[in-house]
Amino acid sequence: MWAGNAWRAALFGVPRGCRAQSALAQLRGILEGELEGIRGAGTWKSERVITSRQGPHIHVDGVSGGILNFCANNYLGLSSHPKVIQAGLQALEEFGAGLSSVRFICGTQSIHKNLEAKIARFHQREDAILYPSCFDANAGLFEALLTPEDAVLSDELNHASIIDGIRLCKAHKYRYRHLDMGDLEAKLQEAQKHRLRLVATDGAFSMDGDIAPLQEICRLASRYGALVFVDECHATGFLGPTGRGTDELLGVMDQVTIINSTLGKALGGASGGYTTGPEPLVSLLRQRARPYLFSNSLPPAVVGCASKALDLLMESNTIVQSMAAKTQRFRSKMEAAGFTISGASHPICPVMLGDARLASRMADDMLKRGIFVIGFSYPVVPKGKARIRVQISAVHSEEDIDRCVEAFVEVGRLHGALP
């Protein structure tokens with residue numbers, strides 16, 4: 001007796017192999033149409049291949065000579081710090097390449113527990129839990145914590161990982177206008193009928209370089225009985241007097257309930273994310289957070305690198321203190337040249353251009369002049385707000401910064417972005 005699919009194929013006179021090929025051809029046509037639309041809109045994202053270590057000075061495949069890198073999240077320059085590399089090699093030698101397991105089966109080593117304790121101490125919180133990335137930390141938090149009885153109130157420009165994490169939960173969802181405290185208060189008033197209210201915000205917004213008004217957010221949260229969650233990926237390690245983040249910068253460390261952040265930017269730049277906050281919350285996440293329960297443990301080398309990066313940061317804040325002057329140097333020189341730089345006082349310095357093709361072409365011409373920057377356009381940023389995002393690192397010299405500005409001025413005039 002023929003199987004069902006074979007019977008249908010025979011009935012309709014089309015062999016199974018042909019039907020499968022027809023479906024594949026249809027898929028290819030759909031995908032090619034989507035890809036052509038991206039190219040036509042000028043929002044195609046190419047990947048340049050780096051052939052050296054990450055750092056302020058790199059080598060790029062197909063480009064002769066050294067390149068100045070101004071688009072990495074390597075805020076403290078620790079991605080290739082010799083002590084960080086050595087710590088990774090030591091962990092690799094002592095604990096192996098990986099665990100071949102999730103944490104709760106046989107994937108927890110002493111270095112994982114030690115790093116979690118160190119993160120909690122660094123943020124002055126009760127406990128911490130590691131994830132493969134902060135995207136995973138955001139994907140795991142809201143679904144595990146919030147129920148249909150609860151509400152989450154989110155800034156409209158929060159990172160995609162926060163947005164996706166919130167979509168996974170069953171709580172009532174409120175979105176307030178970017179940094180608009182009047183709108184947040186109105187939403188908090190509306191959300192009073194729910195059991196828990198959680199205000200969720202980036203500490204520093206990665207595309208605009210602006211900082212959440214945490215003092216006002218915490219004041220409103222206190223008034224309306226809400227909890228505060230902050231994603232500190234673009235703040236941990238370099239904002240605040242000792243690099244604890246925006247809550248330290250704005251003096252509200254004791255008022256922010258939950259922090260999610262990353263090990264993949266300032267803290268060594270490899271990979272990994274975490275949640276830190278009340279011990280019962282962390283314990284619940286170990287039981288319910290799906291990215292934690294169903295993902296392999298962080299590799300020992302990554303744990304070793306991140307742990308050493310935290311050690312270096314807690315030993316001295318000299319690197320942190322160098323960031324402000326370098327950021328101000330770039331921002332002031334660019335604004336004096338006639339560029340519009342979004343945000344304020346953050347090493348993320350978005351050069352606002354508006355047009356996606358202009359941002360892409362200017363970035364390409366910057367590379368020809370030895371400066372590695374990337375144009376950002378839709379869907380990473382809203383349509384009509386394309387930009388080149390420049391990121392200042394503690395290991396950039398003043399000469400590096402001045403050379404970058406000079407190249408921007410030359411390329412800006414070439415493309416009509418400057419008079």
Side-chain angles (χ1 to χ4, degrees), residues 54-58 68-84 122-123 134 202-214 230-253 259 261-270 305-306 308-336 339 341-351 371-374 387-405 408:
Q54 183 63 277
H57 302 269
I58 59 175
L68 275 175
N69 188 4
F70 274 91
C71 60
N73 296 314
N74 188 23
Y75 292 110
L76 299 178
L78 297 180
S79 296
S80 299
H81 192 288
K83 291 184 178 179
V84 173
F122 177 74
H123 285 286
C134 192
D202 276 310
F205 290 82
S206 62
M207 286 298 114
D208 293 280
D210 45 12
I211 295 172
L214 289 185
V230 182
D231 181 311
E232 290 282 59
C233 285
H234 289 275
T236 297
F238 59 93
L239 286 189
T242 63
R244 264 59 178 180
T246 54
D247 60 342
E248 182 190 42
L249 177 70
L250 299 174
V252 292
M253 289 186 74
I259 287 175
S261 195
T262 183
L263 306 174
K265 294 182 171 60
L267 301 182
C305 289
K308 176 55 69 173
L310 272 173
D311 289 342
L312 294 172
L313 187 56
M314 290 190 283
E315 287 169 7
S316 171
N317 64 351
T318 302
I319 302 177
V320 176
Q321 292 175 342
S322 74
M323 293 288 292
K326 293 177 180 179
T327 297
Q328 181 57 32
R329 184 181 187 90
F330 178 81
R331 284 180 171 272
S332 62
K333 284 179 173 286
M334 287 289 284
E335 288 171 351
F339 286 104
I341 311 299
S342 180
S345 303
H346 192 284
I348 292 174
C349 303
V351 182
I371 308 294
F372 194 138
V373 289
I374 295 292
R387 67 204 63 186
I388 292 176
R389 187 180 72 174
V390 175
Q391 289 170 273
I392 306 300
S393 171
V395 289
H396 283 131
S397 68
E398 291 185 352
E399 291 75 16
D400 294 338
I401 292 169
D402 292 348
R403 183 179 158 196
C404 181
V405 173
F408 260 112

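Side chains are part of it too, since the values below use all heavy atoms of this structure and drop only hydrogens, waters and symmetry mates. This chain uses plain numbering: 1 for the first residue, then up along the sequence.
The shortest side-chain heavy-atom distance between I392 and F70 falls under the 4.5 Å cut-off. With a 4.5 Å cut-off on side-chain heavy atoms, T242 and E248 count as touching. T236 has its side chain within reach of H123: a pair of non-hydrogen atoms, C-beta onward, lies under 4.5 Å apart. Two residues are said to be in side-chain contact when any heavy atoms from C-beta on lie closer than 4.5 Å; N69 and Q54 meet this criterion. Using a 4.5 Å cut-off on side-chain heavy atoms (C-beta onward), C349 and T327 make contact. With a 4.5 Å cut-off on side-chain heavy atoms, H81 and L76 do not count as touching. Put simply, the side chain of P241 does not reach to within 4.5 Å of the side chain of N317, judged on heavy atoms. By the 4.5 Å heavy-atom criterion applied to side chains, M334 and C404 are not counted as neighbours.
For D402, the side chain to side chain donor-acceptor pair (under 3.5 Å) criterion is met by R329, not counting sequence neighbours. For S79, the side chain to side chain donor-acceptor pair (under 3.5 Å) partners two or more places apart in sequence, or in a different chain, are N74.
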| task | Check the pair S342, M207 against side chain to side chain contact (heavy atoms under 4.5 Å, CB included), reporting the backbone distance first and the verdict last. | result | CA-CA 9 Å; S342 180; M207 286 298 114; over 6 Å; no
| Derivation of the side chain to side chain contact (heavy atoms under 4.5 Å, CB included) call for H57 and D400 | CA-CA 9 Å; H57 302 269; D400 294 338; 3.4 Å; yes
| field | Derivation of the side chain to side chain contact (heavy atoms under 4.5 Å, CB included) call for V230 and L214 | value | CA-CA 9 Å; V230 182; L214 289 185; 3.9 Å; yes
| task | Show the numbers, then the answer: is there a side chain to side chain contact (heavy atoms under 4.5 Å, CB included) between L239 and I211? | result | CA-CA 10 Å; L239 286 189; I211 295 172; 4.2 Å; yes
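We find the CZ-CG distance between F238 and L267 to be 9.5 Å, quoted to the nearest 0.5 Å. Once rounded to the nearest 0.5 Å, the distance linking CZ of F339 with CZ of F330 reads 8.5 Å. Note that CD1 of I348 and CZ of R389 are 5.0 Å apart. Values are rounded to the nearest 0.5 Å. To the nearest 0.5 Å, the span separating OG on S322 from NE2 on H396 amounts to 11.5 Å. Taking OG1 from T246 and CD1 from I259, the interatomic distance works out to 7.0 Å, rounded to the nearest 0.5 Å. Put simply, CD1 on I341 and NZ on K333 are 13.5 Å apart, with the number rounded to the nearest 0.5 Å.
Shown here for M323 and S393, the closest heavy-atom pair between the two residues is SD-C, 3.9 Å. Closest approach of C134 to C233, counting heavy atoms only: SG-SG, 3.3 Å. Heavy-atom minimum distance, C71 versus I374: SG-CG1, 4.0 Å. Closest approach of R387 to P350, counting heavy atoms only: CD-CB, 3.9 Å. Contact detail for K83 and K308: the closest heavy-atom pair is O-CG, 3.5 Å.
Under the 30°/60° scheme for interplanar angles, the aromatic rings of H234 and Y75 are found to stand perpendicular.
A distance-only check finds no donor-acceptor pair linking the side chain of R403 to the backbone of I371 [under 3.5 Å].
In summary, the aromatic rings of F205 and H346 are positioned with their centroids too far apart to meet the 6.0 Å limit.
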